[in-house]
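Because the structure is a prediction, the values reported are computed rather than measured.
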Amino acid sequence: MDPSKIRKKIGRFRILTIGRANAGKTTILQRVCNTRDNPEIRNGAGKLIDPALLKASRERGLHDIENEMVFQSNPGFVFHDSRGFEAGGESEFDKVKAFIASRSKKTRLTDQLHVIWYCIPMDEECRSFTAGEIKFFSQCDTGSIPVMVLFTKFDALYDIEFAKLEENGTSWKDAQELAPKHAEESFAKGPQLTFLYHSKEIQRPPKCHVCLPNMDKDHADCGSLIERTAAILDNEVLQQLFVSTQRTNLELCMKYAVERTLSNDSDDHEKIIGQVGSWFPHIYVVRLLILSGMLIQVIARRS
């Protein structure tokens, strides 16, 4: 189906974020939507909520997972937020389960939950899974909704590896350069991933995970998050909606646009241009520049 028709029919891509306090969730959502602004928040009826009222509710320990967060820089995404289960214990866990189950029963695809991002920060001293997180991956049935773990604040592990390198006599400059790679390699073989994917306690492991360092920096890159989210979507319609909605990874749009166009047997150049262009609904200037080049690639591959 044409991505432009999918967007018209479904509307928005819906994501639930779960995570402890200070897990960096809002920062990541800002990166995904390419903004520094705070989102607008509306209740389940679509009414805009005053930020002052929200702040007062949080201070009283109140939180509504049904509230929708939308960034004006990309209104194609709608986010729901859970505080993480250490904040509300059994009550919060039950609310999340009920929310997921309720959204799964919605008849319209636009009202359903499309993916879950579970954020786990790496800057805490223990860096281990909480009881609430273990409970979620053991007991929470998300059905067909894919779950991805986001290991946030991953750059905290860079500091650990940097210190180890310096202790072993590596120069400051080389240690700075080598620390990220060492952190990634150490983490890949470490206890967190072994536990997450191979422990008997984890009955419902995530589809995949992604490590996100330096999301608070101006040069932050959330490309890996976008790519892996697209990859775990089994529903092709949702995959097309997600890829054409996100605006931070142009290469991903190009990849899917070319692949989907090549799979079509049409030789109508205008139709091909329309199909390719529908993957770039928000990039008007770039769209004009790349369409001719992509069309040449498509025609060349056909010949």
Side-chain angles (χ1 to χ4, degrees), residues 12-35 38-39 41 63 65-71 73-74 76-87 92-93 95-97 99-101 103-104 112-124 129-130 132-137 140-154 192-193 196-197 202 204-216 220-235 238-239 241-243 245-249 252:
R12 302 179 297 176
F13 191 90
R14 192 176 298 273
I15 300 173
L16 169 63
T17 62
I18 305 175
R20 315 170 198 173
N22 300 314
K25 291 180 291 182
T26 301
T27 301
I28 290 170
L29 301 188
Q30 288 173 326
R31 280 286 171 262
V32 168
C33 294
N34 197 25
T35 184
N38 289 321
I41 301 180
H63 179 80
I65 195 173
E66 290 286 352
N67 288 344
E68 299 181 348
M69 298 189 298
V70 175
F71 293 89
S73 59
N74 192 343
F77 284 121
V78 56
F79 302 99
H80 296 269
D81 177 53
S82 168
R83 298 174 297 173
F85 307 127
E86 83 285 353
E92 188 68 19
F93 180 76
K95 287 178 183 178
V96 170
K97 283 184 65 178
F99 175 74
I100 293 172
R103 288 287 170 175
S104 297
Q112 294 175 12
L113 195 58
H114 302 141
V115 74
I116 297 171
W117 287 344
Y118 202 120
C119 300
I120 299 177
M122 289 288 100
D123 64 336
E124 297 185 6
F129 295 98
T130 65
E133 289 158 356
I134 294 172
K135 186 174 184 178
F136 176 85
F137 290 109
C140 193
D141 183 6
T142 63
S144 62
I145 305 168
V147 181
M148 178 192 298
V149 168
L150 282 55
F151 289 107
T152 63
K153 303 185 179 182
F154 194 76
Q192 289 94 343
L193 295 188
L196 185 61
Y197 292 110
I202 304 297
R204 305 178 186 276
K207 283 269 191 177
C208 70
H209 68 276
V210 64
C211 301
L212 298 175
N214 299 313
M215 286 293 106
D216 58 329
D221 179 16
C222 62
S224 58
L225 171 60
I226 298 299
E227 289 177 13
R228 294 187 186 182
T229 300
I232 65 173
L233 293 170
D234 296 329
N235 185 313
L238 289 179
Q239 189 180 64
L241 176 64
F242 177 78
V243 171
T245 298
Q246 64 84 28
R247 306 179 188 180
T248 59
N249 194 328
L252 189 67

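- Side-chain rings of Phe137 and Phe129 stay apart, their centers remaining 6.0 Å or farther from each other.
- Considering only heavy atoms from C-beta on, Ile232 comes within 4.5 Å of Val115 through its side chain.
- For Ala230 against Val243, the heavy-atom pair with the smallest separation is CB-CG2, 3.9 Å.
- When each of Asp123, Asp216, Leu212 is tested with Lys153 by the rule side-chain contact (heavy atoms from CB on, under 4.5 Å), just one qualifies, namely Asp123.
- Here Leu29 contributes atom CG and Asn38 contributes atom CG; the two are 11.0 Å apart, rounded to the nearest 0.5 Å.
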Exercise. Can you check side-chain contact (heavy atoms from CB on, under 4.5 Å) on Val32 and Ile226, steps first, answer last?
Worked result: CA-CA 8 Å; Val32 168; Ile226 298 299; 4.2 Å; yes
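- When atom types are taken as modelled, the side chain of Gln30 and the backbone of Thr35 share no donor-acceptor pair closer than 3.5 angstrom.
- In this structure, CD1 on Ile202 lies 6.0 Å from CG on Leu196, to the nearest 0.5 angstrom.
- The shortest side-chain heavy-atom distance between Trp117 and Val210 does not fall under the 4.5 Å cut-off.
- The closest donor-acceptor contact from the side chain of Lys95 to the backbone of Ile65 lies at 3.5 Å or more, if one exists at all.
- Under the 3.5 Å distance criterion, the side-chain polar atoms of Lys25 are matched with a main-chain donor or acceptor of Ser82.
- Taking both residues in full, the closest heavy atoms of Asp234 and Lys207 are given as OD2-NZ, 3.2 Å, listed atom of the first, atom of the second, then distance.
- Here the shortest heavy-atom pairing between Cys211 and Pro213 reads O-CD, 3.4 Å.
- When all heavy atoms of Phe79 and Cys33 are compared, the closest pair comes out as CE1-SG, 3.8 Å.
- Here CZ of Arg204 is found 7.5 Å from OG1 of Thr142. Values are rounded to the nearest 0.5 Å.
- In plain terms, the two heavy atoms of Cys140 and Lys97 that are nearest each other are SG-CG, 3.8 Å.
- Relative ring orientation between Phe99 and His80 is described as tilted, the plane-to-plane angle lying within the 30° to 60° band.
- Between Tyr197 and His209, the ring planes lie tilted relative to each other; the angle falls in the 30° to 60° range.
- With respect to Arg103 and Glu66, a salt bridge is recorded, a charged nitrogen being found less than 4.0 Å from a carboxylate O.
- Using cut-offs of 30° and 60° on the angle between ring planes, the pair Phe77 and Phe13 is perpendicular.
- For the pair Thr152 (side chain) and Cys119 (backbone), a donor-acceptor distance under 3.5 Å is absent.
- In this structure, Arg31 contributes its side chain and Cys222 its backbone to no donor-acceptor pair below 3.5 Å.
- Results of the side-chain contact (heavy atoms from CB on, under 4.5 Å) test with Ile116 over Val149, Ile15, Thr17, Ile18 single out Ile18 as the only residue that passes.
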Exercise. What do the steps show when you test Arg20 against Ile120 for side-chain contact (heavy atoms from CB on, under 4.5 Å), and what is the final call?
Worked result: CA-CA 7 Å; Arg20 315 170 198 173; Ile120 299 177; 3.5 Å; yes
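- Heavy atoms from other residues, nucleotides or ligands lying under 6.0 Å from CG of Asn22 number 12 at most.
- When the salt bridge (Lys or Arg N to Asp or Glu O under 4.0 Å) test is applied to Arg228, no partner is found at least two apart in sequence or on another chain.
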For this session: Step by step, work out the side-chain contact (heavy atoms from CB on, under 4.5 Å) result for Ile145 and Ser104.
Result: CA-CA 8 Å; Ile145 305 168; Ser104 297; 3.5 Å; yes
For this session: Begin with the C-alpha distance, continue with both residues' side-chain angles, and end with the deciding distance and a verdict on side-chain contact (heavy atoms from CB on, under 4.5 Å) for Met215 and Leu225.
Result: CA-CA 11 Å; Met215 286 293 106; Leu225 171 60; over 6 Å; no
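- Contact annotation: the side chain of Cys208 approaches that of Met148 to within less than 4.5 Å [non-hydrogen atoms, C-beta and beyond].
- Across every non-hydrogen atom of Val70 and Arg12, the tightest pair is CG2-NH1, 3.6 Å.
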